[in-house]
Q: 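This is the structure I have questions about; it appears just below.
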Protein chains: 2
Amino acid sequence: MPRPATSKDVARLAGVSQTTVSYVLRGTGRISPQTRRRVEEACETLHYRPNLAAQSMRTGRTGRLAILTATPGISPGGLLSAAAAATVAVAERYAPEIRVVAVEPELRAESVHDVLGSGSFEGILSFIPLDLEHDPTRARVVVMSEAFDDQMRVTDERIGAQPVRRLMSGLAARGHRRFLHLAGDLEYLSARKRRDAYLAAVAELGLTDLGVHECGWSGERTLEVVRSIGPDLDLEGVAVVAANDILASAAIRGLLERGVRVPDHAVVTGWDDMPTSAFQVPALTTVGVDFAAFGAWAMRTLIARVRDEPEPADPGELQRIHWRESTGDVPEGAPHPPTSG
Amino acid sequence: MPRPATSKDVARLAGVSQTTVSYVLRGTGRISPQTRRRVEEACETLHYRPNLAAQSMRTGRTGRLAILTATPGISPGGLLSAAAAATVAVAERYAPEIRVVAVEPELRAESVHDVLGSGSFEGILSFIPLDLEHDPTRARVVVMSEAFDDQMRVTDERIGAQPVRRLMSGLAARGHRRFLHLAGDLEYLSARKRRDAYLAAVAELGLTDLGVHECGWSGERTLEVVRSIGPDLDLEGVAVVAANDILASAAIRGLLERGVRVPDHAVVTGWDDMPTSAFQVPALTTVGVDFAAFGAWAMRTLIARVRDEPEPADPGELQRIHWRESTGDVPEGAPHPPTSG
DNA sequence: CGTCATTGAGCCTTTCATATC
DNA sequence: CGATATGAAAGGCTCAATGAC
């Protein structure tokens with residue numbers, strides 16, 4: 001395996017000094033057209049690519065941006081957001097890379113610290129809460145987590161739990177009074193926030209809470225929960241607020257097993273607007289988050305910060321409730337399929 | 001913003017030479033316990049973290065592994081696989097990072113070349129086809145794409161399109177003879193492979209093909225397609241093989257709009273076993289891929305290759321057909337809910 | 001002559017200061 | 001004196017060779 005060509009090799013082949021090669025590549029310095037040509041050809045023949053480590057050692061710049069996440073899987077649009085973000089960054093000649101940090105707290109601290117302290121990144125976009133106490137990094141950091149003060153206002157307003165409130169007042173307006181919450185894994189902040197918003201809405205809107213049940217993020221667990229909910233509880237007319245579309249799907253099935261049809265006898269809402277949610281029968285009423293827009297905005301913010309430029313404007317509304325069949329609504333355009341009989 | 005501490009700073013504080021600091025950190029060389037202690041304390045107080053660029057310049061090693069993907073979003077388990085892979089790697093002190101390359105061919109070539117040529121990676125795990133003609137890299141490469149000869153056998157057997165054949169012979173055994181394929185975005189190899197497998201199976205099993213329709217990967221498109229399929233075509237008893245669960249969900253809805261109930265009048269299969277697929281009504285018959293296992297195995301393979309160690313054994317069966325309600329089957333355990341009336 | 005610690009060279013690049021025509 | 005090209009240092013680290021006791 002041949003060792004990769006260095007600028008020295010290029011220089012030798014082109015018959016110039018290594019410095020000249022550097023000037024040609026940087027585009028700085030006065031270089032005659034002929035020399036430039038010769039150098040460029042040499043680069044070509046040798047398939048030369050500058051050594052990033054050496055480059056960054058000299059300049060202090062790495063061009064690398066880290067995107068921190070713990071769960072590339074859970075939220076459907078979640079990582080797609082990162083992809084969108086990547087587009088922005090690439091255009092600006094930054095290399096964004098996704099680092100998946102451990103879920104376990106101890107391991108996570110370690111891996112986070114590695115990223116922060118390595119000095120390898122000019123900027124860090126974190127979708128997980130970060131403890132920057134010792135701030136071991138020179139990197140600019142943008143934390144887009146509901147847990148963090150820094151961007152709290154935007155994250156809370158743009159991708160927070162508020163829609164729970166809107167969802168529930170919408171259901172109240174449709175005549176529902178008795179509510180049930182199927183919570184996600186309460187280890188997750190988003191699950192806790194949704195639960196809290198649920199409880200707050202129950203209180204503020206003067207509704208009846210029939211209970212909060214943790215279902216992890218799992219459909220299996222949800223099915224068990226729904227099967228075992230107070231056997232003598234009258235589920236007629238109940239409104240189930242599920243923490244995401246997986247739980248919502250499982251809830252609908254669970255209710256059906258108990259003879260409760262959605263939306264005829266009970267209604268269900270989800271969260272995430274998964275790609276199938278609009279097509280299932282009944283189609284799920286859910287909260288869609290424009291993660292692509294959010295991710296792009298987050299990345300633009302980071303890049304601005306890295307460059308000490310003014311940060312981009314607030315991204316505007318990013319969450320939207322899609323009222324669909326699972327709450328008895330009929331989506332525009334789509335003919336309502338014959339759900340039964 | 002203070003500049004980060006270097007090993008030189010540590011040395012000064014500990015009252016030793018910079019070399020000694022290096023030896024302590026590497027764990028090589030003979031160092032007395034006292035000296036070691038002093039150095040470690042100095043590191044602690046200064047929050048010292050070695051400069052990776054300098055380190056890698058000197059050693060030629062970077063400890064970095066790249067995971068290449070174009071679509072962190074599309075396949076549900078797809079990126080989760082990378083996460084699983086990360087666990088393996090981290091235990092081995094490698095830092096795996098996900099690079100999202102552009103979807104557009106020209107841009108992609110560029111970004112792939114950046115990754116390969118940068119010399120920043122010791123190993124590359126690619127989930128996209130790679131053109132290694134000029135092999136501009138010293139990195140060890142493992143390509144886990146259906147397109148590539150290198151690992152073709154394993155990818156094809158483990159996460160390839162074979163289940164299409166099993167799926168269809170299973171449906172044939174259930175009495176279906178007339179088939180329809182809803183293809184994914186044919187830009188994607190996986191979509192083409194599934195289509196080809198579908199056509200091959202039709203031929204081999206002596207079935208009737210009612211048509212192949214490209215639906216992108218989109219439910220909306222699928223709905224349109226199903227609405228517009230030959231209005232006078234008798235859909236009674238038809239078996240629809242969809243390229244993934246999104247298309248399958250939309251297909252079921254589309255059929256319902258036309259008065260064709262699944263599974264009573266027609267059957268549908270999907271792919272991916274999305275988290276909701278087991279809970280939708282009807283639950284989807286689909287192909288589940290154990291991406292976590294696949295990702296972990298792929299990463300172990302890469303690490304072995306990077307280290308010139310023997311590669312891990314074949315991961316065994318990774319795909320499984322889940323026969324569920326959408327083909328008229330009743331999943332074990334789950335009571336069949338009253339789907340209608 | 002072991003044991004522990006240090007000196008110095010080199011990895012590849014950028015950039016300032018200097019040399020040449 | 002312009003216009004081009006070059007020498008040499010520096011950046012943080014590792015490791016072979018060397019020094020001090």
Side-chain angles (χ1 to χ4, degrees), chain A residues 2-40 42-43 46-64 93 117-122 136-138, chain B residues 2-40 42-43 46-64 93 117-122 136-138:
Chain A
R3 90 174 157 56
T6 72
S7 58
K8 208 163 160 183
D9 300 326
V10 175
R12 187 167 27 242
L13 180 60
V16 299
S17 78
Q18 186 265 346
T19 304
T20 301
V21 175
S22 177
Y23 280 136
V24 170
L25 267 65
R26 288 306 98 241
T28 57
R30 347 194 128 295
I31 302 291
S32 69
Q34 310 92 289
T35 314
R36 177 180 304 281
R37 276 291 308 258
R38 287 224 309 288
V39 170
E40 278 162 355
C43 287
L46 296 178
H47 296 117
Y48 170 74
R49 310 233 81 189
N51 179 317
L52 262 38
Q55 204 162 274
S56 100
M57 238 189 82
R58 186 58 242 237
T59 62
R61 300 201 48 248
T62 63
R64 292 170 62 196
R93 304 297 317 161
S118 67
S120 312
F121 300 98
E122 289 184 55
T137 184
R138 273 160 90 199
Chain B
R3 91 176 154 57
T6 71
S7 59
K8 210 163 157 183
D9 299 326
V10 174
R12 187 166 29 242
L13 180 60
V16 298
S17 78
Q18 186 265 346
T19 303
T20 301
V21 175
S22 176
Y23 280 135
V24 169
L25 267 63
R26 289 307 100 238
T28 58
R30 348 194 126 296
I31 302 290
S32 70
Q34 311 91 289
T35 314
R36 178 180 302 281
R37 275 290 309 258
R38 286 223 310 288
V39 171
E40 280 164 353
C43 287
L46 296 178
H47 296 118
Y48 170 74
R49 310 232 82 189
N51 180 318
L52 261 41
Q55 203 163 276
S56 100
M57 242 192 77
R58 185 59 242 243
T59 61
R61 299 199 51 246
T62 63
R64 292 170 62 196
R93 304 298 316 163
S118 67
S120 311
F121 299 99
E122 290 184 55
T137 183
R138 276 161 87 199

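Side chains included, hydrogens not; waters and symmetry mates left out as well; all remaining heavy atoms used. First the proteins, then the strands, lettered A, B, ... as listed; each starts at 1.
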Q: Please list residues of residues 6-19 of chain B whose heavy atoms come under 4.0 Å from any atom in DNA chain D, ordered by number; otherwise none.
A: Thr6(B), Ser7(B), Gln18(B), Thr19(B)
Q: Report the end-to-end axis angle of the helix from dG2(C)-dC21(D) to dC21(C)-dG2(D); each axis comes from five terminal pairs, and the value is rounded to 10°.
A: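 Computed from the C1' atoms at both ends, the axes differ by 70°.
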Q: Do Leu52(A) and Thr62(A) come close enough that some side-chain heavy atom pair is under 4.5 Å?
A: no
Q: What is the separation between atom CD1 on Ile31(B) and atom C1' on dT6(C), rounded to the nearest whole Å?
A: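 After rounding, the reported distance stands at 10 Å.
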Q: From CD of Gln55(A) over to C1' of dT13(C), roughly how many Å is that when rounded to an integer?
A: 7 Å
Q: Say you draw a straight line from OG1 of Thr19(A) to CZ of Arg26(A); how long is it, rounded to the nearest 0.5 Å?
A: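 These two atoms lie 13.0 Å from each other.
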Q: Could you check how far CG of Leu52(B) sits from P of dG12(D), rounded to whole Å?
A: 14 Å
Q: Looking at dT14(C), dC13(D), dA16(D), which one has an atom nearest to any side-chain atom of Thr59(A)?
A: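 Among the listed nucleotides, the one closest to the side chain of Thr59(A) is dT14(C).
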Q: What nucleotide among dC13(D), dA17(C), dT13(C) has an atom nearest to a side-chain atom of Ala54(B)?
A: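 That would be dC13(D).
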Q: Taking atom P of dA16(D) as reference, at what distance in whole Å does atom CZ of Arg26(B) sit?
A: 14 Å
Q: Enter the distance from Arg49(B):CZ to Thr6(B):OG1 here, rounded to the nearest 0.5 Å.
A: 15.0 Å
Q: Quick one: label Ser32(A) by what it contacts on the DNA or RNA (base, sugar-phosphate, nothing), any heavy atom closer than 4.0 Å.
A: sugar-phosphate
Q: Hey, does Leu25(B) have a side-chain heavy atom less than 4.5 Å from the side chain of Cys43(B)?
A: yes
Q: Nearest whole angstrom, please: distance from the P of dA3(D) to the CD of Gln34(A).
A: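 Rounded to whole Å, this separation is 15 Å.
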Q: Looking across every strand, which nucleic acid part, if any, lies under 4.0 Å from Thr28(A) by heavy atom: base, sugar-phosphate, or nothing?
A: nothing
Q: What is the separation between atom CG on Leu46(A) and atom C1' on dC12(C), rounded to the nearest whole Å?
A: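 For the pair Leu46(A) CG and dC12(C) C1', the rounded distance is 15 Å.
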Q: Can you say whether a donor on the side chain of Tyr23(A) sits under 3.5 Å from an acceptor on the base of dA3(D), or the other way round?
A: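 In this structure, the two groups form no donor-acceptor pair.
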Q: If you round to the nearest 0.5 Å, how far is OG of Ser56(A) from CZ of Arg64(A)?
A: 8.5 Å
Q: Polar atoms only, N or O, under 3.5 Å: list the protein pairs with nucleotides 18-21 of chain D and their distances.
A:
none

Q: So which atom in Val10(A) and which in Val39(A) form the shortest heavy-atom distance, rounded to 0.1 Å?
A: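 The answer is CG1-O, 4.0 Å.
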Q: Has Thr35(A) got a side-chain N or O lying under 4.0 Å from the OP1 or OP2 atom of dA5(D)?
A: yes
Q: Could you state the interatomic distance from CZ (Arg12(A)) to OG (Ser7(A)), rounded to the nearest 0.5 Å?
A: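 That separation rounds to 10.5 Å.
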Q: Just how far is it from atom OG of Ser32(B) to atom CZ of Arg38(B), taken to the nearest 0.5 Å?
A: 7.5 Å
Q: If you only use heavy atoms from C-beta on, which nucleotide in dG12(D), dT14(D), dT6(D) is closest to the side chain of Thr20(A)?
A: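 Taking heavy atoms from C-beta onward, the closest nucleotide is dT6(D).
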Q: Distance check needed: dC13(D) P versus Met57(A) CE, whole Å only.
A: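 Result: 8 Å.
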Q: Between the base of dT13(C) and the side chain of Arg58(A), is there a donor-acceptor distance below 3.5 Å?
A: no
Q: Could you state the interatomic distance from CD (Gln34(B)) to CZ (Arg36(B)), rounded to the nearest 0.5 Å?
A: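 So the CD of Gln34(B) and the CZ of Arg36(B) are separated by 11.0 Å.
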Q: At less than 3.5 Å, do the side-chain atoms of Arg30(A) and the base atoms of dA3(D) form a donor-acceptor pair?
A: no
